[in-house]
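Numbers restart at 1 for each chain; the letters A, B, ... are given by sequence-line order, proteins then strands. This is a predicted model, so every value here is computed, not measured.
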Amino acid sequence: MSIVNQLQIGVLKSLASLYEQTFSEKDFQINQTKPEFEGDYTVVLFSLVKTLRLSPDAIGNQLGEKLVNDYPEIFTSFNIIKGFLNLTVADNYWITLLNKNHADICYGKKALTGKKVMVEYSSPNTNKPLHLGHLRNNFLGWSVAEILKANGQEVIKSCIVNDRGIHICKSMIAWQWYANGATPQSTNTKGDHLVGAYYVKFNDVYKEQVAALMADGNTKEAAEKEAPIMKATQQMLVDWEEGKPEVMELWKTMNSWVYAGFDTTYQKIGSDFDKTYYESNTYLLGKDIVQQGLDKKVFFKKEDGSIWIDLTADGLDEKIVQRKDGTSVYITQDIGLALQKYEQFNIDQSIYVIGNEQNYHMKVLQLICKKLGMPNAENIFHLSYGMVELTSGKMKSREGTIVDADELVDEMIATSQKLTEELGKVKDFTAEELKDLYDIIGLGAMKFYLLRVDPKKTMVFNPEESIDFHGFTGPFVQYTHARIKSILRKELGNGESSNSTNEFKSPLLPLEKAVIIQLEQYPTALEVACEEHNPSVIANYVFNLAKTFNSFYTEHSIGNAETIEKKYLRLQLAAMTANIIKSGMQLMGIRVPERM
RNA sequence: GACUUGGUAGCUCAGCUGGAUAGAGCAUCAGCCUUCUAAGCUGAGGGUCAUUGGUUCGAAUCCAAUCCAGGUCACCA
């Protein structure tokens, strides 16, 4: 149990016995004591004043007295300043904590809860390569999945691939017309980039054709409809739905190129999935549900035969669920897939990592599922994240300001290589070790940069800032880890960590204590990150821990500590810091090097 | 227009279930490498927490209104 929890319980018990009144944790607040005051944790007394009709000083004195008396192994002294009861936690409490947990690489992780969750993320389209926005999505989804696991949940990572539809046909037509049979092999191009290039080509040609038609006197609408390349694309979609062999073959071939490209990227960035859905398999799902919905009178049919749901009573609009020609729309297959997920995997919760532009759509989806009486419909959770913008504004494909994922990854790795070479600290590494190190640092910097911001918020990607490896960055944290490891190697060899059960007689120094207090908070940070589905909680935690440790590190020597007891204490402290840094960074998919 | 999210230092972001003098990184300035890795550390300057009003012993935090910015409101996905 965390120290804050223990204090909470202690205060509750003390209040009950002192005043014969029952309180709840919400009746008072516990904060970490501000550095300018003496003490470690603070109980804010104001909120108790009214109900107890006593002065803050009186309450504080009685409460402080009782706590120190009843829990001598935890609290050693207290002081009261202006309604704040500051308690000092016993050195022994911290030392015991260190002794017990310094070598535990699972510190903070929770036992299995039995809860089963699916996290869907990534959701790429097979007509263009991944970009910066996908990276935020991937890192977020992956990290949230790991955070849930660390909190004892069973997680299935899933991905829905958007592999069909008019946009896919666009790149297919353009390839057919202009590629002369070019393949990834013949052009030495990554498959997803090759296909993406023809998607761009489509748009260029389309624009030209529309302009030409308008010059001939057509209206804009007519021109957009009549442009030959668009007509051909629409015909191709019809052919695809009918399963016309040559179209299917082209579709399969081009998709296979894209998948090969995606695989390379996913492998590089460390994204993986337990289950992949393909829209070409799921787009017909949900059709029978439409009929059920009609029977249940959740849906209604309009005169033209289209089927709708009326959500106006819930403050939303009417929404179509099936076209008049009987074909299903986007939301229909989403309903079908949502149901399938629950049925196939028997999950308790379904998390969708999708951009906030789809907030309305996801609200509608959940509401429809509820109205249909689907089990667990209330456990559909949209993890809505903000867009990534550039310092110059939004990414726009038309203006060529899309930041390509592969290029960005390469650039980050190149930067880490350059910096590593300049610093020249790992000259004895083999070529293989070096390559691995550049990956660790470059990818670590990128993931940290994208995960350190609250997912809900729109964030700005600044290229110069992203390749700065100082301050609030992944490499800073990695560096702290490497420095600790270097000490541990020197002091302990490659053997076990220090596990001496010395009695530490000298009091903890402020910086020693500051580090241990933060170590103690890791389990709480894990819980918060889980509840909020928010990896930035971990990023901030791990950064602050590293910063505190670095202050300690420059001020006090570990190898040449004042006494042998101090040396062992500090070795434990360093080891535990390294373990937690490693564990926290792992939750974000970031590796930490032994040296850098 | 309706719904929705946001507005905190020059920039990027924490803090938001109300508590002590609002924090961090970058940038700027001044220092610290013959002792465990300087990708580090110490310090300085920099704020009308969008505005106005309300609730409260106490408001960046809660409520209301206003201003500004983003998103959505498709028989697109």
Qualifying residues under ring-ring contact (aromatic ring centres under 6.0 Å, His included), relative to [X], sequence neighbours excluded:
X         : value
Phe23(A)  : none
Phe461(A) : Tyr449(A)
Tyr479(A) : none

Which part of the nucleic acid, if any, lies within reach of [X] when heavy atoms closer than 4.0 Å are counted: base, sugar-phosphate only, or nothing?
X         : answer
Leu316(A) : nothing
Thr420(A) : base
Asp163(A) : nothing
Thr42(A)  : base

Inset, instruction - Both distances under 3.5 Å, Watson-Crick or G-U wobble: on that basis, could you give the dot-bracket string for RNA chain B, with [ ] for crossing pairs and | for other-strand partners? - result: ((((((((.[[[[.)...(...]]]].(((((.......))))).....[[[[[..)....]]]]])))))))....
Legend entry - Among A14(B), A20(B), C3(B), the one nearest Lys363(A) by side-chain distance: C3(B)
Inset, instruction - Identify which nucleotide among A14(B), G40(B), G19(B) has an atom closest to any side-chain atom of Asn550(A), counting heavy atoms from C-beta outward. - result: G40(B)
Distance alone, cut at 3.5 Å: any donor-acceptor contact between the side chains of [X] and [Y]?
X         : Y         : result
Ser280(A) : Asp163(A) : yes
Glu279(A) : Asn162(A) : yes
His361(A) : Asp334(A) : yes
Thr42(A)  : Asn31(A)  : no
Asp40(A)  : Thr88(A)  : no
Thr473(A) : Asp468(A) : no
Asn138(A) : Ser122(A) : yes

Sort me out a list of protein N/O and nucleotides 57-59 of chain B N/O pairs below 3.5 Å, or just none if empty.
none

Are [X] and [Y] ion-paired here, with the side-chain N under 4.0 Å from a carboxylate O?
X         : Y         : answer
Asp439(A) : Arg591(A) : no
Lys231(A) : Glu224(A) : no
Arg595(A) : Asp428(A) : yes
Asp325(A) : Arg323(A) : no
Lys302(A) : Glu318(A) : yes
Lys319(A) : Asp310(A) : no

Inset, instruction - Please list all pairs passing the ring pair (Phe, Tyr, Trp, His ring centres under 6.0 Å) test where one or both residues lie in residues 529-548 of chain A, with sequence neighbours left out. - result: Phe381(A)-His533(A), Phe472(A)-Phe543(A), Phe476(A)-Phe543(A), Tyr522(A)-Tyr541(A)
Taking the same atom, [atom1], in [N] and in [M], what whole-Å distance lies between them?
N      : M      : atom1 : answer
A22(B) : C26(B) : P     : 22 Å
C13(B) : G1(B)  : C1'   : 34 Å
A69(B) : U8(B)  : C1'   : 16 Å
A60(B) : G23(B) : C1'   : 12 Å
U21(B) : C49(B) : P     : 15 Å
G10(B) : G46(B) : P     : 11 Å
G70(B) : A27(B) : C1'   : 27 Å
U55(B) : U48(B) : P     : 26 Å

Inset, instruction - Not counting sequence neighbours, which residues clear side-chain hydrogen bond (donor to acceptor under 3.5 Å, both in side chains) with Glu120(A)? List them please. - result: Lys341(A)
When the distance from [atom1] of [X] to [atom2] of [N] is rounded to whole Å, what number comes out?
X         : N      : atom1 : atom2 : answer
Ile354(A) : U4(B)  : CD1   : P     : 21 Å
Asp454(A) : U5(B)  : CG    : P     : 14 Å
Asn359(A) : U72(B) : CG    : C1'   : 8 Å
Glu389(A) : U5(B)  : CD    : C1'   : 13 Å
Asn356(A) : G6(B)  : CG    : C1'   : 10 Å
Gln29(A)  : C62(B) : CD    : P     : 14 Å
Lys82(A)  : U21(B) : NZ    : C1'   : 9 Å
Gln478(A) : G40(B) : CD    : P     : 12 Å

Legend entry - Pi stacking test for Phe476(A) and G40(B): under 5.5 Å apart, planes under 30°: no
Legend entry - Stacking of Phe37(A) on A20(B) base (centres under 5.5 Å, planes under 30°):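 So yes, this residue stacks on that base, both cut-offs being met.
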Legend entry - Short side-chain N/O contact to G70(B) OP1/OP2 from Lys457(A), under 4.0 Å: no
Legend entry - Heavy-atom check, side chain of Ile229(A) versus side chain of Phe202(A), under 4.5 Å: yes
Are any protein N/O atoms closer than 3.5 Å to N/O atoms in nucleotides 22-27 of chain B? If there are, list each pair with its distance.
unit_1	atom_1	unit_2	atom_2	d
G25(B)	O2'	Phe472(A)	N	3.2

Shorter than 3.5 Å, N or O on both sides, protein versus nucleotides 74-77 of chain B: list them out with atom names.
unit_1	atom_1	unit_2	atom_2	d
C75(B)	N4	Asp304(A)	OD2	2.9
C76(B)	OP2	Arg323(A)	NE	3.2
C76(B)	OP2	Arg323(A)	NH2	3.2
A77(B)	O3'	Asn162(A)	OD1	3.3
A77(B)	O3'	Glu279(A)	OE1	3.0
A77(B)	O3'	Glu279(A)	OE2	3.0
A77(B)	O2'	Asn162(A)	ND2	3.0

Inset, instruction - Using a cut-off of strictly less than 4.0 Å between a heavy atom of the residue and any atom of RNA chain B, enumerate the qualifying residues of residues 52-59 of chain A by number. - result: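 Within this stretch, nothing sits under 4.0 Å of the strand.
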Inset, instruction - May I ask you to establish whether Lys301(A) and Trp308(A) are in a cation-pi arrangement, using a distance under 6.0 Å from NZ or CZ to the six-membered ring centre and at most 45° from the ring axis? - result: no
Inset, instruction - Would you mind calling C33(B) syn or anti? Take O4'-C1'-N9-C4 for purines or O4'-C1'-N1-C2 for pyrimidines, and syn is within 90° of 0. - result: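 You should classify C33(B) as syn.
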Inset, instruction - Classify every nucleotide of nucleotides 28-37 of chain B by which part a protein heavy atom approaches to under 4.0 Å, writing B for the base, S for the sugar-phosphate alone and - for neither, in 5'-to-3' order. - result: --------BB
Legend entry - Closest-nucleotide ordering on RNA chain B, the 5'-leading residue of Tyr449(A) and Lys456(A):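 Between the two, 5'-proximity favours Lys456(A).
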Legend entry - salt bridge (charged side-chain N to carboxylate O under 4.0 Å, His left out) involving Glu532(A) - partner list, sequence neighbours excluded: none
